[in-house]
**Q** 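After the structure tokens below, expect a handful of questions from me.
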Amino acid sequence: MLSNPAGDEKRTSLHGHWSSRMAFILAVTGSAVGLGNIWKFPYIAGQNGGGAFVLVYLVCVIVIGMPVMMSEILIGRRGRRNPIATMELLGKEEGSSGNWRLVGSMGVLAGILILSYYSVIAGWTLAYVLKSATGVFAGASAEAVGAEFGGFVGNWKAIGFYHTLFMALAIFVVARGVERGLEQAVRFMVPALLVLMLVLLGYSISSGYFGQGVAFMFTPDFDKLTWDSVLAALGQAFFTLSIGMGAIMAYGAYLPEETSITGASAAVVTADTAIAILAGLAIFPLVFANGLDPADGPGLVFQTLPLAFGQMPGGVFFSTIFFVLLAFAAWTSAIGLMEPAVAWIVEHYNRTRAQATVFIGVLIWAIGFGTVLSFNVLADTTFLAGTVFDNIDYLTSNIMLPLGGLLITIFAGWVMCRNSTSDELGSAGSLYKAWRLLARFVAPIGILFVLINAVT
Ligand code: PFF
């Protein structure tokens with residue numbers, strides 16, 4: 001642990017530093033790659049008509065996601081504290097106001113709300129490890145796989161149990177201070193996940209419906225594009241990259257001075273996008289081959305992939321490994337979701353990491369029952385965006401994260417002086433100019449435009 005002498009030119013973080021550039025990239029990749037890529041991206045793309053949505057999503061990732069991620073990392077590294085304290089400190093230091101801390105507070109809240117449902121879905125993947133390993137899906141028909149899913153999520157005690165198990169795992173790792181062990185896990189997990197996605201892709205290609213899947217994903221039909229789906233694409237870009245809520249800012253706080261922020265961001269964005277696209281390419285052909293509905297919603301992955309595994313040679317093995325990897329990917333993301341809240345409690349209330357984690361973890365676990373019940377007892381209780389789960393998801397991905405991103409780019413682009421940002425980004429060359437153009441104009445105007453059009 002390092003001390004933090006106030007007023008020191010180069011600050012250090014209270015929580016220690018990453019051991020290397022690679023360690024940071026692995027941690028951020030671990031946070032970015034998760035259920036958002038494999039569970040959420042295909043079903044949201046399906047619900048929003050495919051092609052045009054995917055195109056808007058890709059544009060959002062590049063022109064908004066990339067500059068927001070760079071802004072978050074540079075702010076985090078400059079402040080070297082939890083996101084709330086960092087925003088307050090830099091707000092004052094740059095001659096604006098300490099109230100910028102509210103951006104950090106909104107991020108802490110977003111992390112808590114997102115993890116409350118993320119943990120429930122991650123629990124499904126844990127259950128699917130067991131179901132796969134015991135051969136439940138071997139040779140099963142589409143109807144049988146669908147009925148298995150329906151029966152499982154319809155039982156609140158079952159999904160409540162796995163939600164509890166997943167939160168316990170997340171609390172365990174975060175409480176112990178973690179990052180070290182997980183860096184190693186990510187190093188193995190992301191490549192293994194890529195390999196398994198390729199196996200699935202191979203199966204998808206052999207399904208005879210690959211062309212239809214590709215056409216669905218990449219042929220834009222702009223008639224289907226509403227402002228709502230543009231907002232969903234923007235929200236998905238934020239969610240999948242873990243940006244807009246201070247998680248990446250919290251990780252940036254532990255980043256060594258000499259690491260290139262641009263290079264690290266580009267690596268993470270590329271890996272994350274590649275995995276999402278591969279997931280779509282593996283899933284949509286299966287959807288069409290089996291006469292399923294691409295707009296089926298949150299169960300899509302759980303109804304297509306087990307079906308494919310059930311029919312391929314070695315399926316029990318591949319399916320088990322796949323859900324283990326997905327659970328791991330969710331685990332490394334859950335840590336990012338808790339980090340801002342935990343770091344804040346540790347610093348602000350002077351608690352141990354273990355105390356802070358248990359407190360936040362139990363709170364998140366309890367809120368999670370709103371989502372657990374959304375798939376059974378309260379499935380018909382809908383308001384505003386739908387069930388409790390739909391509302392938490394809409395509020396966080398489509399409102400809080402983009403709003404957080406908007407304020408973060410305004411802060412980095414307009415409030416921080418040129419010297420501060422070029423100091424962190426390490427140059428005044430054309431890359432820096434491109435970032436500044438995106439962070440000052442393109443990203444904030446783009447986010448605002450989409451938010452206003454979709455919400456009004
Ligand atoms: N990016 C993660 C995913 O795609 O599954 C979700 C996430 C993790 C969002 C961490 C935000 C975060 F801080």
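As the structure lists them, so they are numbered: ligands from 1, and atoms in each ligand from 1. Only a predicted model underlies this, so the values are computations on that prediction, with no experimental measurement involved. Basis for what follows: all heavy atoms, side chains included, without hydrogens, waters or symmetry-related copies.
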**Q** Please tell me if the side chains of Asn376 and Asn155 come closer than 4.5 Å, counting only heavy atoms from C-beta onward.
**A** no
**Q** Are Glu257 and Arg77 packed together at the side-chain level, in the sense that at least one heavy-atom pair is separated by less than 4.5 angstrom?
**A** yes
**Q** Sort and list the pairs that fulfil salt bridge (Lys or Arg N to Asp or Glu O under 4.0 Å) and have at least one residue in residues 33-56, not counting sequence neighbours.
**A** Lys40-Asp393
**Q** Please collect all salt bridge (Lys or Arg N to Asp or Glu O under 4.0 Å) contacts where either partner lies in residues 104-114, sequence neighbours excluded, each pair once.
**A** none
**Q** Could you check whether Lys131 makes a cation-pi contact with Phe152, meaning its NZ or CZ is under 6.0 Å from the centre of the six-membered ring and within 45° of the ring axis?
**A** yes
**Q** Starting from the N and O atoms of ligand 1, find every protein N or O within less than 3.5 Å and list the pair with its distance.
**A**
{"unit_1": "ligand 1", "atom_1": "1 (N)", "unit_2": "Ser31", "atom_2": "O", "d": "3.2"}
{"unit_1": "ligand 1", "atom_1": "1 (N)", "unit_2": "Ala32", "atom_2": "O", "d": "3.0"}
{"unit_1": "ligand 1", "atom_1": "1 (N)", "unit_2": "Phe239", "atom_2": "O", "d": "2.8"}
{"unit_1": "ligand 1", "atom_1": "1 (N)", "unit_2": "Thr240", "atom_2": "O", "d": "3.1"}
{"unit_1": "ligand 1", "atom_1": "1 (N)", "unit_2": "Ser242", "atom_2": "OG", "d": "3.0"}
{"unit_1": "ligand 1", "atom_1": "4 (O)", "unit_2": "Ala32", "atom_2": "O", "d": "3.0"}
{"unit_1": "ligand 1", "atom_1": "4 (O)", "unit_2": "Gly36", "atom_2": "N", "d": "3.3"}
{"unit_1": "ligand 1", "atom_1": "4 (O)", "unit_2": "Asn37", "atom_2": "OD1", "d": "3.4"}
{"unit_1": "ligand 1", "atom_1": "5 (O)", "unit_2": "Leu35", "atom_2": "N", "d": "3.1"}
{"unit_1": "ligand 1", "atom_1": "5 (O)", "unit_2": "Gly36", "atom_2": "N", "d": "2.7"}
{"unit_1": "ligand 1", "atom_1": "5 (O)", "unit_2": "Tyr118", "atom_2": "OH", "d": "2.5"}

**Q** Please list, chain by chain and in numerical order, all residues satisfying side chain to side chain donor-acceptor pair (under 3.5 Å) with Thr273, sequence neighbours excluded.
**A** none
